[in-house]
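So the structure is just underneath, and the comments pick up after that.
So you know, we letter chains A, B, ... as the sequences are listed, proteins then strands, and number each from 1. When reading the values below, keep in mind they use all heavy atoms of this one structure, side chains included, and skip hydrogens, waters and symmetry mates.
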2 protein chains.
Amino acid sequence: MEVRPLRRDAAANRERVLSAAADVFHERGLAAGLDDVARRAGVGVATVYRRFPSREALLEALLADLFDAYTAVADAALAQPDGTGLASYVRTASEVQATPRGCALRLWSSPALEPRRELLHQRMEALLGDAKAHGTCRDDVTVDDLVGMFVALRGVRESLTATAALDWRRHLELCLAGLRPAS
Amino acid sequence: MEVRPLRRDAAANRERVLSAAADVFHERGLAAGLDDVARRAGVGVATVYRRFPSREALLEALLADLFDAYTAVADAALAQPDGTGLASYVRTASEVQATPRGCALRLWSSPALEPRRELLHQRMEALLGDAKAHGTCRDDVTVDDLVGMFVALRGVRESLTATAALDWRRHLELCLAGLRPAS
DNA sequence: CCCGAAGTGGAGGAAGTCCTCCGCATGTGG
DNA sequence: CCACATGCGGAGGACTTCCTCCACTTCGGG
C-alpha cells in the first residue's frame with residue numbers, strides 16, 4: 001500500500017476538480033455530466049477520470065470533506081455543555097449543508113466512509129445525551145432521527161421550485177420544535 | 001375549445017401509460033427513459049409521446065390525480081371537526097404520497113395545476129383553522145409549512161439508501177410534534 | 001357491413017454522456 | 001541541466017435517450 005504523493009500540480013488540479021464538481025452538482029443536480037465538471041474546472045476530461053475512477057468516488061471525496069466539516073461543527077457545539085449544543089449544532093450544520101459541497105449528502109451511507117460516519121455519529125450521540133440531561137430534548141430521540149432531519153432538509157432545499165415560498169430554515173425550526181419535550 | 005373524447009382503446013392506453021409511468025418513475029426516479037415507460041405499458045413509444053407531448057405533461061397528469069386524492073383525504077378529515085383532523089390528514093396524505101403516484105410530487109408548483117392546488121390549499125387552511133381553534137396546533141403555522149413537510153417527507157422516502165434505518169414515518173411524527181403548541 | 005377518421009408501433013436520426021487511448025507537456029530528483 | 005516518470009488534453013467509439021415519421025390497423029357511426 002505504498003502511495004507516493006501526487007505531483008504538486010496534480011494535487012492542485014484535484015482540488016479544482018472537487019470544487020468545480022461541487023458547484024456543478026449543486027446547480028444542475030448529481031446527474032450532471034462529468035464533461036461539464038471538467039470544463040468548469042478548466043481541466044481535461046481525462047484528468048477527472050484519472051483522479052476519480054467513477055462519479056461515486058468523486059462524490060465520496062466531497063462527502064468526506066462534508067463529514068469533516070460536520071464533525072468540526074459538532075465539536076464546537078460540544079464545547080458549551082449547557083443543553084443548547086444540539087440545537088446550535090443542527091442549525092450550523094444545516095448552513096454548511098446549504099453550501100455547494102452539501103450536494104454530496106445524498107451519498108450519506110456510502111460504505112467507504114464508514115469511519116468518518118462513525119466519528120460523527122459519536123459526536124451526535126454526545127450532543128443528544130447532553131441535551132437530554134438538560135431537559136431540552138425528548139428522551140426517545142435517536143441519532144437516526146437527526147440524520148433523517150438532515151436528509152429531509154436537503155429535500156426541501158432542492159425543491160425550491162419557482163412558486164414555493166418554501167424555506168428550509170422554516171422546516172428546520174419546525175423539526176427543532178418537535179425535538180423538545182412536550183409540555 | 002371543442003375537444004372530442006378519445007376513442008375507447010386510446011383512453012385505455014392513456015391510463016396504462018399513466019400507471020406504468022408512476023411505477024417506473026417510482027422505481028428508477030424521474031429521469032427514467034420514456035421508452036421504458038412505453039415498454040412497461042405494453043405500448044409503442046409513439047403512443048406515449050402522442051398523448052403526452054413532454055415528460056412534464058405526463059407528470060402533470062399524475063400530479064393532477066395526486067391533488068385529487070389529497071383533496072379527498074382532506075375532505076374526509078374535515079368531516080370530524082374536533083381538532084384532530086389536521087394530524088389525520090397529514091398522516092393519511094403521507095401514505096398516499098408513498099404510493100407510486102406520489103412520485104409526481106416533485107412538480108408541486110406546476111403552473112398548469114394552479115386551480116387544483118388552490119382547492120387543496122383551501123382545505124388545508126380549513127384544517128389548520130380547526131386545529132388552531134381546538135388548541136392542537138400552534139398559531140403561527142402556515143399552509144406553506146405543511147407543504148414543506150410533504151416535500152421533506154418525499155426527500156426522506158427517496159433517500160432510503162441501503163444502510164439507513166431511515167423511516168419517513170418517524171420523521172412525520174417528529175414534524176407533527178413540532179406543530180403542537182409548546183407546553 | 002363499410003369506410004374514413006383516429007390510433008398504433010417501431011425504425012432510426014439527432015443529441016448527449018461515458019470513458020479510454022495515446023502523443024505531448026511538465027515537474028522533479030540527481 | 002537533463003531524463004524520465006508523472007501528468008495532461010481532447011478526439012472519438014460505444015452506448016443511451018429523445019422524439020418524429022409513416023405505413024399499417026382498428027374503432028365506430030351511418
Side-chain angles (χ1 to χ4, degrees), chain A residues 1-63 103-104 106-107 110 112, chain B residues 1-63 100 103-104 106-107 110 112 158:
Chain A
M1 278 305 277
E2 279 293 333
V3 259
R4 62 187 62 188
L6 288 176
R7 227 165 68 178
R8 199 152 344 116
D9 54 338
N13 275 341
R14 197 186 116 96
E15 286 311 309
R16 291 211 281 156
V17 169
L18 278 176
S19 161
D23 290 347
V24 171
F25 291 153
H26 185 66
E27 285 170 21
R28 295 214 263 286
L30 294 198
L34 295 200
D35 293 39
D36 286 341
V37 171
R39 199 169 321 115
R40 171 86 62 122
V43 124
V45 211
T47 298
V48 175
Y49 284 99
R50 190 174 315 109
R51 221 49 76 195
F52 305 99
S54 68
R55 168 193 247 78
E56 270 214 354
L58 184 48
L59 284 168
E60 273 167 6
L62 287 172
L63 190 51
C103 68
R106 191 170 305 183
L107 264 248
S110 152
Chain B
M1 280 300 277
E2 279 293 334
V3 256
R4 63 187 61 189
L6 288 177
R7 230 165 66 176
R8 203 159 333 119
D9 54 340
N13 275 340
R14 185 179 187 278
E15 286 312 308
R16 290 211 283 157
V17 169
L18 278 177
S19 161
D23 290 347
V24 170
F25 290 153
H26 186 64
E27 286 170 21
R28 295 215 263 285
L30 293 197
L34 294 201
D35 293 41
D36 285 342
V37 172
R39 198 169 321 115
R40 170 88 62 122
V43 124
V45 210
T47 298
V48 175
Y49 284 99
R50 190 175 315 109
R51 220 49 75 195
F52 305 100
S54 70
R55 168 193 248 77
E56 269 214 354
L58 183 47
L59 284 168
E60 272 166 8
L62 286 173
L63 190 52
C103 68
R106 190 172 305 183
L107 264 247
S110 152
E158 288 183 1

**Prompt:** Quick one: B:L30 CG to D:dT17 P, roughly how many Å, whole number?
**Reply:** 15 Å
**Message:** Please report the distance, rounded to the nearest Å, between CG in B:L34 and P in C:dG10.
**Reply:** 17 Å
**Fill in**
Taken to the nearest 0.5 Å, the spacing of B:L59 CG from B:L107 CG works out to 5.0 Å
**Asked** Just how far, in rounded Å, is P of C:dA11 from CZ of B:R39?
**Response** 12 Å
**Asked** Which heavy atom of A:A41 sits nearest a heavy atom of A:R16, and at what distance?
**Response** O-NH1, 3.3 Å
**Value in whole Å for how far the P atom of C:dT8 lies from CZ of B:F52** = 11 Å
**Request:** Counting heavy atoms from C-beta on, name the nucleotide in D:dC18, D:dG28, C:dC19 closest to the side chain of B:Y49.
**Result:** D:dC18
**Asked** Mapping A:A32 and B:V45 onto DNA chain C by nearest heavy atom, which one lands closer to the 5' end?
**Response** B:V45
**Item:** Point-to-point distance, once rounded to the nearest 0.5 Å, from NE2 of A:H26 to CG of A:L62
**Value:** 12.5 Å
**Prompt:** Between B:R51 (side chain) and B:L58 (backbone), is there a donor-acceptor pair under 3.5 Å?
**Reply:** no
**Message:** Tell me if a side-chain donor or acceptor on B:R55 pairs with a main-chain N or O of B:A31 at a distance below 3.5 Å.
**Reply:** yes
**Request:** For residues 38-47 of chain A, pull every pair meeting salt bridge (Lys or Arg N to Asp or Glu O under 4.0 Å), keeping only residues two or more places apart or in separate chains.
**Result:** A:E27-A:R40, A:D36-A:R39
**Item:** Rounded interatomic separation in angstrom, taking CG from A:D35 and C1' from D:dC8
**Value:** 16 Å
**Item:** Per-nucleotide protein contact string for nucleotides 1-7 of chain C (B base, S sugar-phosphate only, - none; heavy atom under 4.0 Å)
**Value:** ----BBS
**Message:** Apply side chain to side chain contact (heavy atoms under 4.5 Å, CB included) to residues A:E60 and A:F52 and explain how you reach the verdict.
**Reply:** CA-CA 10 Å; A:E60 273 167 6; A:F52 305 99; over 6 Å; no
**Prompt:** Between A:F25 and A:A32, what is the shortest heavy-atom contact and its length?
**Reply:** CE2-O, 3.9 Å
**Asked** To the nearest Å, how far apart are A:D36 CG and C:dC19 P?
**Response** 14 Å
**Residue whose nearest DNA chain D nucleotide is more 5′ - A:A46 or B:A31** = A:A46
**Request:** Determine the contact category for B:R55: base if any of its heavy atoms lies under 4.0 Å from a base atom, sugar-phosphate if only primed atoms, P, OP1 or OP2 are that close, otherwise nothing.
**Result:** sugar-phosphate
**Prompt:** So how far is it from A:L30 CG to A:R106 CZ, rounded to the nearest 0.5 Å?
**Reply:** 4.5 Å
Any N/O pairs under 3.5 Å between the protein and nucleotides 1-3 of chain D? List them or say none.
none

**Request:** May I have the distance from B:L58 (atom CG) to D:dC18 (atom C1'), rounded to whole angstrom?
**Result:** 14 Å
